[in-house]
Structure formats: structure tokens, C-alpha cells
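Each remark here refers to the structure printed beneath this line.
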Amino acid sequence: MADSSSDDLPPDRLARNLSLHRACEVGDYGECERLLKSEEGADAWWQDPDMLGWSALHYAAERGHTKLVKLLLRRGAIWNASDLLGKTAAEVAWSNNDEGTYRAIFDEGVRQTLLLNLLERRAEDASHAPSTSRGGTSVLQDGHLTLSSNVDSSHEVSASNDAFLESRLSFVDDPSTGTKRCLDVDGGLVMAPWETDIMALSASLLCDGAKPDCAVLNVGFGLGIIDELFQARNPPPARHVIIEAHPDAIAHAKQLGWDKRPGVELIHAKWEDALESLEGDFDAVYWDTYAQGYGELRNFLEHLPNLLSGPEAKFSFFHGLAGTNPFLYDVYTRVAELDLKDIGLVTDWHTLRPTTTQETWQGVVRKYWQLDTINVPVSKMDQSLFQ
Ligand SMILES: C[S@@+](CC[C@H](N)C(=O)[O-])C[C@H]1O[C@@H](n2cnc3c(N)ncnc32)[C@H](O)[C@@H]1O
């Protein structure tokens, strides 16, 4: 929630903010316009700490006043502000089956996120903000989306790719399957067997129908689950490149013999560095790293056109961005789709209902996945560009 307790506000401003909330509740568009217009007006972003942290947007969304929702968004309402229970206005609309209002907030979220991504890319050289997707709170801390959260994970290694790569990993028994899982130094789950179904779907979306002597690139070894799935194909890929940056993950891969498998090239480097010298015409490319967020995925996309072998080549990635909040997850799905379109790729989303149990999260610092279904993408060059 925005940091503004009622005690901090002068009484007249507090009164105007409360009036705005009441006007939003009853759908008085004219009164809202009046309150928001004047220089001394109400704050569209203000959240009432005495009312569960609701904002004017929550009230307007709850009552289905779509036109008012749009007005508030134009006048500074925060599209992804959550109340004290963690609910955004869009989720309130969704729970009322109000698709129109949900859509209005969703569109604004996509617009703002794309804009922020663009600005961030321009400012990239000046400051490279740390970000998280896997491992960190699903509430992103990278400036793309800032939703208040009770969990402060900024001190954890998953908040910075460099800090993560300098810290130790442990490969330990997974309590739900007995096979291995990989944890970071803070107990963040880097990779675990519950994701095997997701990896299997991704591998089959990428490789079904590929030519027998295909070339695949996997970024991020983790437990090597998707790599095993690529190798299990008949015949296995003629060329199988794995880029992995963490020394402990490389050691684990070597222990499993990945450095000696025929056709496999195990590259110990950050993908950001490895791609500079990687010769590649890949038929399938998969991206799944850790302690990186949407900004890094977007940077990776810029390399994709050079990596893909041609119109039939495919790309996929682990979409865990905002994996604890269905609304933000939807926004990221759309933003990724638009960014992929920007580089000439068309994306199909396949949904999967992953199975997790209580044991999946035993001994783990945070449950980074809490949604019922995951969106698994497969992208291919827009065929209409070749006609
Ligand atoms: C979630 S795991 C990948 C899991 C894998 N898909 C599997 O099936 O087991 C993420 C991996 O990405 C690696 N990684 C993190 N940052 C990286 C970077 N900048 N470049 C390359 N690999 C990176 C981590 O060390 C980790 O091994």
C-alpha cells in the first residue's frame, strides 16, 4: 500500500480524499471530476488505511463504474495498488465477473508496463536495477511493477543476478519426490521437480515436428530437467548447447556427465556474455534463468532473431513472472506477447495445471508459484512475413 497514513495528511486534504472515495462508491462522475481537477484536489492514488487500504480505484471497480475507473487512471490512480489483503482493484472487478472494468485496468497496466520497459531500456546503461522473477517475491521489485508486499526480499541473493552467481547453491533431496532440488543460500527454490510437467510441455512444444538433426539452445541448466527431456527425444538433437552461469550448477552438470555427452556443449558463462560469441542457427531456444526479471528476458529477446534458424524455429521461456498474483500474471503474459510481436514472433499460450503439494514448499523461503494454471508459451516467426 502507498505509504500515506491518514495522520500524515492535512485534515482538508484527507476530507477531499474521503469525498473522492464516497463519490467513487456512488458513481458520481461529475463530483469525481471536480474533486480531481482542482490544484488543491483529491489524490487519486490515496489508499485509506482505515478501510483495508482501499483506493478510489477499488471503490469504483467494486461498483462497476468503468468510466470512472478510466478517469481515475488518467488522473494518477495506481493501476496495481493492492489493499491490505493484497487485492488489486482489477481483482475486485474480476471477482464480480466485471470483465469491462477488469479490461480497463488491465489495458492501463499493459500500457504502463510497456512504457516503463522502454524507459528502463533507455536508462539501462545508467543504472541496472536488480530484478527478480523466479525465487524472489512474485511481486516484482524491478520497477516494472511495484505492488506493496509484506515480504521484503531485497536483501536476498535472488534480488541480484550477480549476488546470486557469487553465492552457494545446494542440491538436496526434494521432500515430495525424493529426487534432487536446487536451493539458493537463502532457501530460495532455484529449481524443483514439481516443474517437470512444465518442462515436458515446453520441450514438446519446441521440438515436436522439428527436423531429426535439430539444434537446441537451453539457457539455465538448473537440474537439467529440460535438457534430459531434449536428450530423450529420438533421435536426440544433433547439437545441444547449454549456457549456465553458476559454478555450482556447472559442477552439478559435470557430475551428471553433461560435459561428455555427444552433441552437447556445456558453456560456463552468463548468457549475456556467451551470446557475444555463440554461433547459432537454433531450431529451438529455451530461456529459464534465476534472479532475473522481465527486463532481462526483454534483453534476451533482442538476441533471438540472430539465434533462430528460420521461419520454423521456436522459442519458449518459463513464465513465472508475478506467479502469485493472477492479475499481474495476465499483464505480464500480454506484455511478453507484445514484446515478442515487436521482434516478429507470434506466440501461442498453452495452459497447464501444475501439481504442487505442501512438501513442495517445505524448507523453502517463499512460495513463488501460487496460481492454478501456468501459461507456457511457444513463439515462432510471423509466417505472414514470409508470404
Ligand atoms: C530455474 S533454473 C533452470 C531450470 C531448468 N530449466 C531445468 O529444467 O532444470 C535457472 C538456472 O539459470 C542459471 N542462471 C542464472 N542466471 C544466469 C545467467 N545470467 N546466465 C546463465 N544462466 C543463469 C541458474 O544458475 C540456474 O541454474
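We count ligands from 1, going down the list as the structure has it; atoms in each ligand are counted the same way. What's counted below: heavy atoms across the whole structure, side chains too, no hydrogens, waters or symmetry copies.
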> So, the side chain of D98 versus the backbone of T101: is there a donor-acceptor pair under 3.5 Å, distance only?
Replying inline: yes

> Would F327 and W79 satisfy ring pair (Phe, Tyr, Trp, His ring centres under 6.0 Å), going step by step from the backbone distance to the final call?
Replying inline: CA-CA 11 Å; F327 168 57; W79 66 274; 5.7 Å; yes

>> Looking at M381, is its backbone amide N or carbonyl O close enough to the side chain of Q383 to form a donor-acceptor pair, meaning the two atoms are under 3.5 Å apart?
In response: yes

>> So, regarding A249 and ligand 1 (criterion: nitrogen or oxygen to nitrogen or oxygen, under 3.5 Å), is there a contact or not?
In response: no

> Counting heavy atoms not belonging to R22, are there more than 12 under 6.0 Å from its CZ?
Replying inline: yes

> Which of the numbered atoms in ligand 1 are below 4.0 angstrom from a heavy atom of L223?
Replying inline: 9 (O)

>> Below a 4.0 angstrom heavy-atom separation, can you tell me which part of Q292, side chain or backbone, both or neither, approaches ligand 1?
In response: side chain

> Do N96 side-chain atoms and E62 backbone N/O form a donor-acceptor pair below 3.5 Å?
Replying inline: yes

>> Show the atoms of ligand 1 that are less than 4.0 angstrom away from any heavy atom in M199.
In response: 6 (N), 8 (O)

> Going by the atom numbers of ligand 1, which of them fall below 4.0 Å from some non-hydrogen atom of H246?
Replying inline: 25 (O)

> Is any N or O atom of D288, backbone or side chain, closer than 3.5 Å to an N or O atom of ligand 1?
Replying inline: yes

> Got a donor-acceptor contact below 3.5 angstrom from the N17 side chain to the D43 backbone?
Replying inline: yes

> Does ligand 1 have any atom that is closer than 4.0 Å to a heavy atom of A291?
Replying inline: no

> Side chain or backbone of N161 under 4.0 Å from ligand 1, or both, or neither, by non-hydrogen atoms?
Replying inline: side chain

>> What I want to know is whether E244 and ligand 1 share at least one N or O pair that is separated by under 3.5 angstrom.
In response: yes

>> Could you check whether any side-chain N or O of S95 sits under 3.5 Å from a backbone N or O of V92, counting only pairs where one atom can act as donor and the other as acceptor?
In response: yes

>> Would the distance check show the side chain of E91 and the main-chain N or O of T88 forming a donor-acceptor pair, the cut-off being under 3.5 Å?
In response: yes

> Has ligand 1 got any nitrogen or oxygen that is less than 3.5 angstrom from a nitrogen or oxygen of W271?
Replying inline: yes

> Between L165 and ligand 1, is there a nitrogen or oxygen pair with a distance under 3.5 Å?
Replying inline: no

>> Can you confirm, on distance only, whether ligand 1 has an N/O atom lying under 3.5 Å from any N/O atom belonging to E272?
In response: yes

>> Taking 4.0 Å as the limit for heavy-atom contacts, which would you say applies to E296 with ligand 1: side chain only, backbone only, both, or neither?
In response: neither

>> List ligand 1 atoms under 4.0 Å from F164, heavy atoms only on the residue side.
In response: 15 (C), 24 (C), 25 (O)

>> Would L169 count as being in polar contact with ligand 1, using the rule that some N or O on each side must be under 3.5 angstrom apart?
In response: no

> For G109, does its backbone N or O pair with a side-chain atom of R334 as donor and acceptor, under 3.5 Å?
Replying inline: no

> Does a sphere of radius 6.0 Å around NZ in K70 hold more than 12 heavy atoms from other residues, nucleotides or ligands, not counting ones at 6.0 Å or beyond?
Replying inline: no

>> Geometry only, no angles: is V219 polar-contacting ligand 1 at N/O separations under 3.5 Å?
In response: no

